[in-house]
There are 2 protein chains.
Amino acid sequence: METVRQKRCEAQARVIKALAHPTRVFLVEELANGPRCVCELTALVGTDISTVSKHLAILKNAGIVQDERRGTQIFYSLRVPCILNFFQCVGAVLEAVAEEHQAVVLNARA
Amino acid sequence: METVRQKRCEAQARVIKALAHPTRVFLVEELANGPRCVCELTALVGTDISTVSKHLAILKNAGIVQDERRGTQIFYSLRVPCILNFFQCVGAVLEAVAEEHQAVVLNARA
DNA sequence: TTCTTATTTGGCTAAAATAGAAAATAGGAA
DNA sequence: TTCCTATTTTCTATTTTAGCCAAATAAGAA
């Protein structure tokens, strides 16, 4: 494949990879409701704060979220709102899969 | 986080993870133009056919593509068209990042 | 059946991702 | 300054992924 296209696919994969983790999906979803500080997010996720911090750093690096210090805390927020449509499509895939399973079950019974 | 939500995030992450590789982004993009057999895709990608086959299996497992045998060949095709809007948003993220870099450079010069 | 082509699968190694614990930083308050 | 809280970074162990080669499978042709 041509180099330009290859570079583009690599860049896209880098962004997608940043979203490819359950905790990070959760974080993005949560940030859709507005800015949250790391401590709030940590409480919601329920793992070590250093782990949450690292997940946020990955999202930030990919350009998906941004951070802002407010006194002693750091608030993260979504940078690109369309990221939520993104999840809609993922939902569509999951529905398609679920329907297929349903069909398989029905066929097995028939 | 509640278990139901956790399960949902895990399911979403599984789909997203299937897309989180340059070659798989390329394959999905290519399949947007219509069904292609493994050998065609292999020629385009330029790696070992077994590698391409495994990437396709990952996409199929996630419910993103489907396969169909036609004689001696197996054709893959997109199962969920909206997967392409998906990439649009990724493009938006990349643009946002590019703009920021631009801004940083300009500030540095000023 | 045997040969040939197309594709998948198993085995192996190298590289990348993940998570927690502990140490380092940053800012505000006493 | 010293203490305290919030966050990031470093270190280390573990797990997951990626890619090539070789072997296995599948379907059609001879």
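Chain letters run A, B, ... following the sequence lines, proteins first and then strands; every chain starts at 1.
Residues L41(B) and L31(B) have side chains in contact (heavy-atom distance under 4.5 Å, counting atoms from C-beta outward). Using a 4.5 Å heavy-atom threshold, the side chains of Q73(A) and C39(A) count as touching. Counting heavy atoms from C-beta on, the side chains of T23(A) and T47(A) never come closer than 4.5 Å. Counting heavy atoms from C-beta on, the side chains of V65(A) and K60(A) come closer than 4.5 Å. Here the side chains of N85(B) and N85(A) are not in contact, with every heavy-atom distance at 4.5 Å or above.
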What's touching nucleotides 11-13 of chain C from the protein side, N or O pairs under 3.5 Å?
{"from": "dG11(C)", "atom 1": "O6", "to": "K54(B)", "atom 2": "NZ", "distance (Å)": "3.0"}

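Note on Y76(A): a side-chain N or O is less than 4.0 Å away from OP1 or OP2 of dT8(D). Residue T51(A) places at least one side-chain N or O under 4.0 Å from the OP1 or OP2 atom of dG20(C).
Here the nucleotide nearest the side chain of I74(A), chosen from dT17(D), dT7(D), dT7(C), is dT7(D). Among the nucleotides dT7(C), dA6(D), dA18(D), the one closest to the side chain of R24(B) is dA18(D). In this structure, of dT7(D), dA19(C), dT8(C), it is dT8(C) that holds the atom nearest to the side chain of I49(B).
Atom-to-atom, CG of L27(A) to C1' of dT7(D) comes out at 15 Å; the value is rounded to the nearest Å. What separates CG of D67(B) from C1' of dT25(D) is a distance of 15 Å, to the nearest Å. As a whole-Å value, the separation of L41(B) CG from dT8(C) P is 10 Å. Atom CD in E40(B) sits roughly 15 Å away from atom C1' in dT5(C) (whole-Å rounding). Residue H55(B) contributes atom NE2, which lies 12 Å from atom C1' of dC20(D) at whole-angstrom precision. Remark: P of dT15(D) and NE2 of H21(A) are 15 Å apart, rounded to the nearest angstrom. Look at CD1 on I58(B): it is 16 Å from C1' on dT7(C), rounded to the nearest Å. If you measure from atom NZ of K17(A) to atom P of dA15(C), you get 15 Å, rounded to the nearest angstrom.
Taken from CG in L78(A) to CZ in R36(A), the straight-line distance is 10.5 Å, to the nearest 0.5 Å. The CG atom of N61(A) lies 11.5 Å from the CG atom of L56(A); values are rounded to the nearest 0.5 Å.
In this view, F86(B) and F86(A) satisfy the ring pair (Phe, Tyr, Trp, His ring centres under 6.0 Å) rule, not counting sequence neighbours. Residues passing the side chain to side chain contact (heavy atoms under 4.5 Å, CB included) test with I74(A) are D67(A), R69(A), Y76(A), sequence neighbours excluded. Applying the side-chain hydrogen bond (donor to acceptor under 3.5 Å, both in side chains) test to D48(B) and every residue at least two apart in sequence or in another chain returns S50(B).
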Given protein heavy atoms under 4.0 Å, the one-letter contact record of nucleotides 22-30 of chain C, with B base, S sugar-phosphate only and - none, is simply B----S---

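Between the axis at the start and the axis at the end of the helix from dT1(C)-dA30(D) to dA30(C)-dT1(D) there is an angle of 10°, using five pairs per end and rounding to 10 degrees.
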Check step by step if side-chain contact (heavy atoms from CB on, under 4.5 Å) holds for E29(B) and R5(A). CA-CA 11 Å; E29(B) 240 185 49; R5(A) 190 170 180 191; 3.1 Å; yes

Residue pair E40(A), F75(A): steps toward the side-chain contact (heavy atoms from CB on, under 4.5 Å) verdict: CA-CA 9 Å; E40(A) 282 179 285; F75(A) 279 74; 4.0 Å; yes

